[in-house]
Structure formats: structure tokens, C-alpha cells
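For reference, the structure discussed in these notes is given below.
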Amino acid sequence: MDSERYNAREVEPKWQRIWEDRQIFRTGNDESRPKYYVLEMFPYPSGRIHMGHVRNYTMGDVIARYKRARGFDVLHPMGWDAFGMPAENAAWHNKSHPADWTYANIASMRTQLKAMGLSLDWSREIATCDPGYYKHQQRLFLDFLKAGLVVRKKSKVNWDPLDHTVLANEQVIDGRGWRSGALVEQRELTQWFFKITDFAEDLLRSLDDMPRWPEKVRLMQANWIGRSEGLSLRFELEPAPQTTAREIEVYTTRPDTLFGAKFLAIAADHPLAGEIARKDPELAAFIAECHHGGTSAEAIETAEKKGYDTGLKARHPFDPDWHLPVYVANFVLMDYGTGAIFGCPAHDQRDLDFANAYGLGNTPVVCPPGEDPSTFTIETIAYEGDGMLIHSHFLDGMTMKDAKEEAAKRLESKLLGNRPQGRREVRYRLRDWGISRQRYWGCPIPVIHCAVCGAVPVPASDLPVELPRDMSFDEPGNPLDRHPTWKHVACPACGAPALRETDTMDTFVDSSWYFVRFTDPWNTAAPTTPSVVEKWLPVDQYIGGIEHAILHLLYARFFTRAMQATGHVGVLKEPFAGLFTQGMVVHETYRAKDGAWLYPAEVRFDYEFHGSLGPSRRAFRIDSGEEVAIGAIEKMSKSKKNTVDPDDIISAYGADTARWFVLSDSPPERDVIWTEDGVQGAAKFVQRLWRLMGELAGLAAPVGTPFPGDMSAEAAAIRRAVHMSLIKVEEDIARLRFNRAVAQIHDLANKLSAAIGAIESENIGADIRATFREAADIMVLMVAPMMPHLAEECWAALGHADLAAGAEWPIAERALVVEDTIAYPVQVNGRKRADLVVARDAGNAAIEAAALALEPVRRALDGKPVKKIIIVPQRIVNVVA
RNA sequence: GCGGACGUGGCGAAACUGGUAGACGCAAGGGACUUAAAAUCCCUCGGCCUUUGGUCAUACGGGUUCGACUCCCGUCGUCCGCACCA
């Protein structure tokens, strides 16, 4: 028998070359087969792929190859998210140019990806740093500008003092820059914004219509958009010397609690606070103090509620003689609502904390169910739930909902200064997307600033505004701004000397439309070809990390809408019909006595036994023998040295082994633990499958042999197992449950090995030979999406002249898996006691009689009378005694 | 604080719509082959007991049901997101 080992190192490049020569993964734009667009989030070209990429791209590739086999016209492209700060940092450290650094990284990562055997259409490759790409992005910017979707406004921005750049709110995590980790400062700058808030309602509402997105992601986006329905309400101020202002506008979602109001509070940044502070140094000092408060989670958590009494008095809207004090308070935010609130201590914890600190008291106006309104009081814990209105005049006895409605209605029809005093309003937490970045390595914003004409768009014919090549990166700040000539241009409108915008776009802009560009990357005249976009979008299956649940995915959803509004996309709205967020690749950490982290390759393991406690595992340094602490299993990171380089795995075991392993152990949405044992297990299975297919090739009938008329029971049983596996693997791949598909294939391999073992005679029947032919072919085609190289090699060994990658998916014969007997587990009082095999068409009476006749059932019944017998067809029999 | 997810052998896990808990794999132990090793093949592998059987067991405590890993209530723990959003 052929005992040759499968040599992935030789075989894999061979098939990769053949695939490439025959261009079988090229996708045209004018086929009529049903389309399927698979996309994995494109990588940042850091220089090396990591295991996370391997997992991500393998999953997408399995789907792409499977869908191709099922007759779909599959689009599966790849590109590079190539702008961003690491290139500039590298330029600064190594004196290399960001473009050179980036393109060199792309070249080496492309080689690595190709070694994985991914079925990608490389003819559509794009890099966002390529002028041929960002030219179109600038065009989109200008079209958005014309459509009113871009605005320039002065605003307070999050300034990252380490990266010298502006960050979007989404990029500030716990008060720190998402990349640098530096404490973010507030600065006032004039910035370009995309008006994502114009689409807030639609972005929120459409989430309900995205069944193939994880619930978790939709929820995160909904929370982020943060819709609230409330009332804008103006309080009249008593005349006072501090200010000429006659009113304060607050925003509230709880107009039902107006009769519980004890104070008004405005933000430290509120214009009125600023006005009063000019004449009131004590208030000025208080405002300054508010600004110094940290924005970190801990700082907010522990921050005391503090306020400053302005001395102003506001009139209660339902009782002009009722005056409320007006405070400046540290817990009121200027950038939400109107920057002012009314405080109802009994029903808002923050207000209660504040009221208790300043002795303002509280009046409960909502009585929880089951409480006695006459005795219900609030001390230190506010009641924020539903209930019945009390102490509230005309609202008394109403539910919260009715009271909100009634209060809103009255305030809408009540006039203050010729305008309704209250106005219903929907507010969002979502802010406009600030895209200006003070960096070199990004897409230039195509605008020229003219002293006379203002901000003038660069004419479309002048695009792209290209980044200058001759740069220096030895100082902090924006290199483009320091360039001696680049920014000096003539105003396109009046011809006078003018200055280019030197800010570049947030790199999230680049990734907000790349999936659209992939549909027709050859169009040099326009960003998209709408008819082609129509054909391919939406992406049928998008796969990437959960870390992009909010930022990237929300921006891309916005962009699709904005592109639709500007005619670059047709009727489509949602870019990603199906979203899958895969888990991370994690690994144990190892730490020496001196605290140094060690690579997995520097450690060996021993097992010790402690009786029933099970084995314990210890780790030792290979070089010194010193014992090493086995640490937590964590996301692979260079700093903790718990990384495994895909290149090493591929050269040691082959791409198929790596692919098989990342698919096999854990459900794809969960983290997978990378272990050396696991990889070896995968490698062993590669060899085992190769041997098994070799054995079957020797026993199987030639390709194309029909089944004989007479099939033995053995042959029928094998066919049943094969087709059962096929059905399950189809279901599992369709639902992205790759770990189950892997288990199923293992199982079938076990069964086929057993079948071969059971057949020892020299003269194997024609039925068995034909069955083995079918079994081997189906097995190989099922494995092909996951281990494509091994599949090709087996396919050829099995006598096929064509490519497995081009073969059609086998047709599962469902009739085969139906058995003519059914094995029922028989329970007595819900506890399994016996098995019962009956004919498929046996009636209930026959099943009951047979079940009661079983010896273990009689024993379990122990003479007790049977109350009833439950028979669930095809499932179970339960005898209730 | 608010919202969400999760909790099953030594480990990763599986279990369909409420129907045989632990498929499949890893690790481990025993055996075969071998001068030896690797590779390969076979057997065992949740706990306990009086072991052709019984009993307990899906974080813990209750409930619904003929039947619960699955549904409901409560407790504990872990992880994730948001966070003074009025």
C-alpha cells in the first residue's frame, strides 16, 4: 500500500500556481448566475499577517469556495487599509518614506496571504493609499459637500497630545486616545464633519431590518445612536441683575415629574454661565474647576455632584409663583440636549445626590405599585421606575405615560413670548463625524482656503489632490503643513494666492466605501459604476472582528446612504446583509521567574498525576530548565510574546493544517485557543485523510461507474452515512458552524476507515466499489472549501482530471438517509431505560405494546400501573407510571 | 450604575423547535507492531456504588412539564458594550 506521506510544502505551491494560471478565482461583472459577495474586513498592512487574519480569511474562504461549488458567481476580493499613523511613525523611526514602508508591507503580506491558498480575485486588489483610490474618495467628499452632507464648523475636539491629532468621540476610550493611550485634551478647532446625524433615525430604524446581523452588534449601534423622545421646555427667569437673559431652555424626557422639580441646573460651558461668570469671579473659579475634572471612567464614577447657586430664579411653568433656584452644576453636559436641565430629585439619582448635597429636598411624584402614596418617601435612592402620579395637581392618578403626554400637551399650547413653551423633540446621542486629522499619511481633503472666497472645493478636474512625496517627519505636528510649497496654490475661484487644506481624512473614511469600490475597481472616471454596484451589493456575508461593531460598521452604513444621496449607489441602503463577528485567536502566556515573557517555542511541558485530581501540567525553560509560570490565556500580542507566526506554521505544517485548526476547535464567534497539540492534531488528520483517500482510490470503481442494481446492506449503510454527513456539513457551512462541519468530517472518516477494515475479502462487490467511489469523491469535495490543496491532491489521486476547486458540490440524496426502522429510546418517568427498534411505519399501539414488553421497562415499572404513554414520532417513548 | 452575553468531563466542545447529556477532537492511561523510537492501529477515559445493573451529575436554589443544558423566577460568578445622555 502507498505509505507516502502527504508533503504540503511541495503540494501547496503547485496547486496555487495552477489556480492562478487558470484564473479560476477571477470574477467578471457580466455573468448571469446568482451572485454572492463574501468579504472579510481588509487588513492594515503592518507587514506580517497574524493568526487573527488566518482565522478571518479562512472563514471567508470556506464560504467563498462553498458558494462557488454551489453554482454562485462569487465575488471575493482583497485590499489594503493602507493609510494611517504607523506608517508615519515608522518613517520617523527608520527614516523610510510612509509610501515605501506601506507598499513593501503590502508586498510581503500579499505573499503570505497567497501562501494560505485563499480563493481571492486579486485582479480587484486596491490599496486606499493609492491616488487611484483616494482620488475617488476626494470626489465623494466634494459630492457630499455639495449635497450638504459635509460641514465645516468650529468645535471642541478631542486632542491626542501624543499623536498630535484630533480623535472622534468613538476613538476616545475612557478618556484616552484609542491608539496612543494618551489622556485626551479638549481643544477648539475648525474641523470638517460628515453629517452622520442627518441619518440618525434611518440608521437606527434600519437595524430592525437586519436579521443576519448579530443582535449584540445591532444593540450596540442602537445604544450608540441613543435616541430619546422628550420635550424642549423654556423656563421664564425672574428679572435679575446678573443677566439680561429672560429664559432657560431645558431638555427633558420626564415632563411627568415637573411637579417634583426642585432646581434648574446648567452646564459649566453654558453661555449663561459664562456671562454671569464674567462678573462673578467665584463662579468663574467654579467653572474652571469643572474643566479640570477627569473624563476617565473612575473620575466620573467617583466625582461628587457639585454646583454653584447663580442666585437666579426660574418660574415653574405650571405655577408662576413657584420659583426654582438656578445652579451651574458639574454633572450637566453642554453637548447633550440644551445644556440645561430641571432637577427632580425624587426620580433621578443624579438630581437626588445633588439635592441632598445642597439641602434642596425632594417631593415624590411617582408612586411605585404597591406603595401607599400617603407614606411613600425618598431618601437616598431615587425611584426611576413606573407608577402612579401623586402630588401633581392635574396629573394625579395618571400613569407615567399618560402624565408625560398630558404635561407635553399643556406646555405645547402654553405660550411664552409668543412661542409654545414646550416642544416635543427627538434627540440623539450620536454626534457628527469629525474627519479632520493633522497627519500626512491620509487622504487630502480637497479644499482650498482663499482669503476672499472662503473654503473653495478643488475642481473635479484637478483631482486627485496628491500627497507630496518629498517630506520630513522629524518634528511632531502635521508634516503637510510644514511642507515648503505644497499648500500654496491659486484660488480656483478668483485666482488669488490661497492655501490648501492641510488636514487629511480620518482613515475610517477609507474603509467606509472600499467594499463598493471592489465592485468595479477598474473605473478610473468615477468612484463607482452604479449598475455594477447594483449587481453586487449588498455584501452577502461580511466577516470581521467585534471591535468594529460601532465605528467602522456605522460609518460604512452612513457612507452607503450618503453615496446613494449623491448618485454613486442606486436603491441600496444597507451595505452588509449578513455580518459575522469572529472571535480572537488566544494563547497561553509564559513568564520566567525574573518576570520576562517567553515565547511558546522557548518552553517545554511535563505532566504529573495526582490520583483523582487529574494531571497537572508544568512548564520549563528549554535553555535553562528553570520552571516557568503558565499564565492566563490571552489575545496574542507581541508584548506578551504569546504569538505564533502564521509563516512558521505554514512552512512547518502547510496552510491546510493551519486552516483546519482555526476552523476546528471552537465555535467561530468564540475565541479559539491556539495550542501546539491542536496543530499537531490537525496535521495528523491531514495525513490520515490522505492515507484514507489513497486506500479508497485503490478500492473504488473508476470515475463515472454507475451503481449496480443490487445494493448490499453494507453498501447502503455506507451510503447512508456519507449522505448524512453531506447534509450536515452543508447545514453547518451555511450557518458558519465550521467546528461542527469539522467534527462531522472526522466522524465520516472514522466510519469509512471502519468500513474498509470490515471488508477484507479480495473480491469486493461492485456495489461496494461504487459506494467507495462516491464516498471518496464526496469526502474530498466536502473537505475542499476548508483544505483546498489537500483536496486537489486527493481529487487527482482519485482519478479526476478536473480541479476540485471547480467541481460542483455533490447532491445529497435525502431519501438515502431515511431508515426503514426507527430506534426509540424508551423512558420510564422521564428516565431512559431501554432502546426499542421498530418498523418505521409501526402504529402507536404496536410501539406501546413493544415498549411495555421490554424487560428493563418492566423492571423499572416494578408492577406499578401505567398512567399513560407518550410517543413523540421519530424521537422518544416515555412511559408514565 | 445601565444594557447584553455566557457558565456542560482534565481541556476545546456537541446536544435540532423542550425529547437518549458529553458527538467530534485534544490531553492522559493501557495494549499491539518495533532492537528502539517515531508513525500507525486497538482498548479505557464525568463522579460514586453492591458494576449484564444502579445512582448522582449541565454554576447554585426553586418552578413549569410526562420529560429541562434548553423555558420561567431568584442567587453567585465570568466576560463584553455604554457610562453623569436629563
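Heavy atoms only: backbone and side chains are in, while hydrogens, waters and symmetry mates are out. Just so it is clear: chains get the letters A, B, ... in the order the sequence lines come, proteins before strands, and each one is counted from 1.
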Among [options], the one nearest [X] by side-chain distance:
X      : options                : value
A:D665 : B:rA14, B:rC80, B:rG12 : B:rG12
A:R859 : B:rG53, B:rC41, B:rC66 : B:rG53
A:R429 : B:rC66, B:rA86, B:rC82 : B:rC82
A:L219 : B:rG3, B:rU40, B:rU20  : B:rG3
A:D747 : B:rC24, B:rG53, B:rU40 : B:rC24
A:V880 : B:rC66, B:rG12, B:rG25 : B:rC66

- Distance, nearest 0.5 Å, that separates CZ of A:R691 from OH of A:Y6: 14.0 Å
- Task: Please round to the nearest 0.5 Å and tell me the distance separating atom CZ of A:R427 and atom OH of A:Y336.
- Result: 7.5 Å
Less than 4.0 angstrom between a side-chain N/O of [X] and OP1 or OP2 of [N], yes or no?
X      : N      : result
A:N739 : B:rC24 : no
A:R735 : B:rC16 : no
A:Y336 : B:rA86 : yes
A:R670 : B:rA14 : yes

- Message: Looking at A:N878 and B:rC66, is any side-chain donor or acceptor paired with a base atom of the opposite kind under 3.5 Å?
- Response: yes
- Donor-acceptor pair (no angle test) under 3.5 Å: A:K867 side chain, B:rC66 base: no
- Are A:Y358 and A:Y327 close enough that their ring centers fall under 6.0 Å? yes
- Query: Can the ring centroids of A:F342 and A:F263 be said to lie less than 6.0 angstrom from one another?
  - Reply: no
- Within 45° of the six-membered ring axis of A:W690 and under 6.0 Å from that ring's centre, is NZ or CZ of A:R5 located there? no
- Let me have RNA chain B in dot-bracket notation, would you? Count Watson-Crick plus G-U wobble pairs, both distances under 3.5 Å, and use [ ] for pairs crossing earlier ones and | for inter-strand partners. (((((((..(((......[....))).(((((.......))))).((((...))))..(((((..]....))))))))))))....
